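The block underneath contains the structure these notes are about, expressed in structure tokens.
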Amino acid sequence: MAESVSDDSQEEKPSEWKFTQWFRKMDNPEEGDSDFLSAVEFDKTGQFLATGDRSGHIVVLENDTSAAPPAPDGKPAIVHYKFYAEFTSHSPAFDYVRSQPVEEKINKIKWLPQTNDSLYMLTTNDRQIKLWKIHEKERKNLTSFNLDVPPSRYSISSGISMASVTPLNTQREKPIVKTLKIPKVIRGEKVKFPFLKKKYATDVHQFNIGSLDVSTDGETFLSGDNLRINLWNLAIADQSYNIVDMKPEDMTNLSEIITSLDYHPQNSHLFLYSSSLGNIRFCDLRERALVDQNARLYSVRRDPTVGGDVDDDNKGFFDEMTQNVTDAKFSKTGDFIISRDYMSVKIWDVRSERKPLQVIYVHEYLRERMWDLYENDLFWDNFGLGISSKGDVVTGSYSNYFHILNLSDRKDTFVQASQPPLAVSSTSKTGQPRPSTYSENDNTLQKDGKKKGKGMGFGIFKRGKKKKKGGFGDGYPFNIEFESLEFDKKILECAWHPEEEAVAIAGQNNLYIYAK
């Protein structure tokens with residue numbers, strides 16, 4: 001036994017993933033959870049990163065590696081973000097037709113391809129889709145006034161306010177103005193101006209908008225609510241085309257709703273959408289106007305029309321809830337579909353609808369406490385996905401933990417998003433947990449990764465008392481104590497940099513950046 005442990009320790013290496021940055025919104029007890037982040041999205045180049053929160057605010061960060069501090073190993077930083085712009089996208093409203101309030105929460109952010117120096121993005125709450133433009137404008141100020149007025153009060157854009165001018169003092173022996181000076185224009189700092197370009201029709205969607213994506217041609221986009229998906233042209237704000245309609249004639253027969261959608265990364269006529277029954281439909285806009293009838297169906301449910309297989313683990317009372325696909329996306333090449341449900345991450349080959357190419361369990365340790373999860377409505381947590389250019393996956397979990405799945409090397413890295421960083425651990429092909437890395441400034445961890453103090457952190461993951469099913473993707477990376485999990489601290493939104501090995505993680509009102 002001693003020789004076996006020694007052999008494993010020689011193979012183990014610290015994870016290459018490191019904590020790099022942390023952004024936090026100011027706590028305001030009066031606002032509650034309104035400052036919690038609800039959307040995270042990189043642009044196509046990774047130069048800009050946008051976040052949206054429940055109060056309708058958008059914050060844009062810009063990548064500037066020149067300002068990054070030197071790394072301990074001397075390697076240059078691949079990402080280092082700084083503040084770029086901030087604006088309010090949505091405000092609270094009231095739907096008088098349905099007699100219900102409309103929250104300002106940002107549900108989705110999607111970047112448009114950049115064609116000039118300006119940035120364009122689509123944002124949406126439950127009812128309203130908006131197109132925003134962010135452009136830089138150089139502020140110009142006037143100086144050398146003849147009157148006794150601070151020059152900082154005036155700018156060309158705002159004009160000169162004569163109400164604030166100090167009147168001439170006629171009682172002085174010497175006149176105030178000795179010589180006539182001509183005002184001069186000086187160039188000031190560059191200021192970012194967000195500008196609302198378009199508001200798209202609000203009466204198109206009868207239910208809450210939960211999905212949004214822009215096509216590769218940059219001319220059209222899709223928006224989806226619980227039962228319908230509409231096709232829009234970016235230039236036309238008052239008209240759209242319904243391409244998927246799942247609303248039954250009798251709403252009492254409703255059994256399936258739309259949960260997510262995604263455009264194909266190369267072809268603007270292909271897209272997919274997922275549903276609450278665990279189905280993923282692959283559609284082609286060239287076939288017919290309503291594409292939901294002839295769509296290719298990827299499903300693990302027992303359905304004779306599909307020919308899918310169902311394992312024993314998926315049977316039971318909680319079958320329908322655990323198979324709810326909360327997010328589904330194409331790989332960067334478009335050859336695979338990655339989906340996330342409550343218990344697992346599934347990899348599908350677009351050429352085979354029969355069964356998933358691979359199933360990676362992430363919450364298998366929760367299966368023994370399904371009734372507790374059900375009573376606390378935790379099955380409806382919408383965990384998102386982030387896909388790298390190499391096809392790797394990042395997805396969230398509870399207690400501020402998230403998974404980084406390296407599919408080619410069959411390695412699952414567990415990271416707890418925290419400041420200071422608590423732990424980074426990974427499991428290899430053999431299923432053995434690797435040692436944790438730690439920050440040099442973090443005194444709460446020993447070198448072996450064990451936490452010195454009490455509280456939520458690395459202590460809930462303990463080494464190898466639970467029997468492994470088969471290593472990578474078995475859902476049992478550690479022996480986890482259910483009572484120690486903090487279910488109010490969960491990672492629902494995450495994004496992967498489109499070009500680099502870096503991920504952005506939204507945890508409550510915090511944004512964490514991790515990179516290799």
Side-chain angles (χ1 to χ4, degrees), residues 32-33 36 38 54 103 105 107 126 207-208 210-211 225-227 246 248 251-260 274-280 299-303 308-328 339-346 356 359-385 395-403 412 414 416 456 460-461 466-467 469 473-494 506-508:
D33 60 354
F36 282 19
S38 57
R54 297 184 181 180
E103 293 183 353
K105 172 189 172 185
N107 292 335
D126 290 341
F207 305 93
N208 293 343
S211 305
D225 58 28
N226 294 334
L227 297 177
M246 299 179 63
M251 288 296 289
T252 58
N253 298 327
L254 179 63
S255 61
E256 186 178 14
I257 63 174
I258 299 171
T259 56
S260 68
S274 61
S275 74
S276 58
L277 292 184
N279 300 323
I280 302 173
S299 176
V300 295
R301 295 175 58 85
R302 188 182 299 279
D303 191 340
D309 296 334
V310 179
D311 8 4
D312 294 335
D313 290 341
N314 289 330
K315 299 179 181 179
F317 176 77
F318 303 105
D319 179 19
E320 186 169 317
M321 288 176 283
T322 58
Q323 290 181 359
N324 172 31
V325 178
T326 57
D327 198 7
S339 66
R340 170 66 199 268
D341 54 47
Y342 189 80
M343 302 298 293
S344 64
V345 173
K346 293 181 175 64
V359 179
I360 305 168
Y361 294 98
V362 293
H363 279 166
E364 196 67 15
Y365 58 89
L366 299 176
R367 191 173 291 278
E368 299 176 357
R369 307 297 292 269
M370 300 293 267
W371 279 107
D372 296 326
L373 301 174
Y374 175 73
E375 292 174 354
N376 290 278
D377 293 332
L378 295 175
F379 284 133
W380 315 120
D381 290 337
N382 294 322
F383 293 102
L385 287 171
T395 187
S397 184
Y398 294 109
S399 288
N400 272 3
Y401 275 86
F402 61 96
H403 300 254
D412 186 351
F414 295 86
Q416 184 176 26
M456 189 272 292
I460 65 173
F461 285 167
K466 186 176 286 294
K467 183 180 179 181
K469 284 188 176 181
D474 60 10
Y476 290 96
F478 297 91
N479 182 25
I480 299 176
E481 299 175 1
F482 183 86
E483 291 76 10
S484 300
L485 293 174
E486 296 191 57
F487 291 98
D488 58 334
K489 296 182 178 180
K490 45 197 168 188
I491 303 297
L492 300 179
E493 300 295 331
C494 52
Q508 290 80 48

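Quick note: numbers below take in every heavy atom, side chains included, and nothing from hydrogens, waters or symmetry partners. Computed from a predicted structure; not experimentally measured.
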### Task
Using the test salt bridge (Lys or Arg N to Asp or Glu O under 4.0 Å), find all partners of Lys105 that sit at least two apart in sequence or belong to another chain.
none
What pairs with [X] under side-chain hydrogen bond (donor to acceptor under 3.5 Å, both in side chains), at least two apart in sequence or on another chain?
X      : value
Asp381 : Tyr398, Lys490
Ser344 : Asp341, Lys346
Ser255 : none
Asn382 : none

Looking only at heavy atoms, what is the nearest atom pair of [X] and [Y], with distance?
X      : Y      : answer
Ser260 : Ser211 : CA-OG, 3.2 Å
Ser274 : Val325 : CB-CG1, 3.5 Å
Gly507 : Ile491 : CA-CD1, 3.7 Å

### Task
Please answer whether the main-chain N or O of Ile257 pairs with a side-chain N or O of Asn226 as donor and acceptor at a distance below 3.5 Å.
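No, the answer is negative, given that no donor and acceptor are paired below the 3.5 Å cut-off.
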### Task
State which residues pass ring pair (Phe, Tyr, Trp, His ring centres under 6.0 Å) with Trp380; sequence neighbours excluded, sorted by chain then number.
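Listed in chain order: nothing, the list is empty.
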### Query
Taking the six-membered ring where the residue is Trp, are the ring centres of Phe383 and His363 under 6.0 Å apart?
yes
### Task
Could I get the full list of side-chain contact (heavy atoms from CB on, under 4.5 Å) partners for Ala506, not counting sequence neighbours?
Leu37, Val40, Glu493
### Query
Atom CG in Asn400, atom CG in Leu485: separation rounded to 0.5 Å?
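Asn400 CG to Leu485 CG: 11.5 Å, rounded to 0.5 Å.
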### Query
Of the options Tyr342, Trp371, Phe487, which is the one that meets Phe379 in a ring-ring contact (aromatic ring centres under 6.0 Å, His included)?
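Testing Phe379 for a ring-ring contact (aromatic ring centres under 6.0 Å, His included) against Tyr342, Trp371, Phe487 leaves exactly one candidate, Tyr342.
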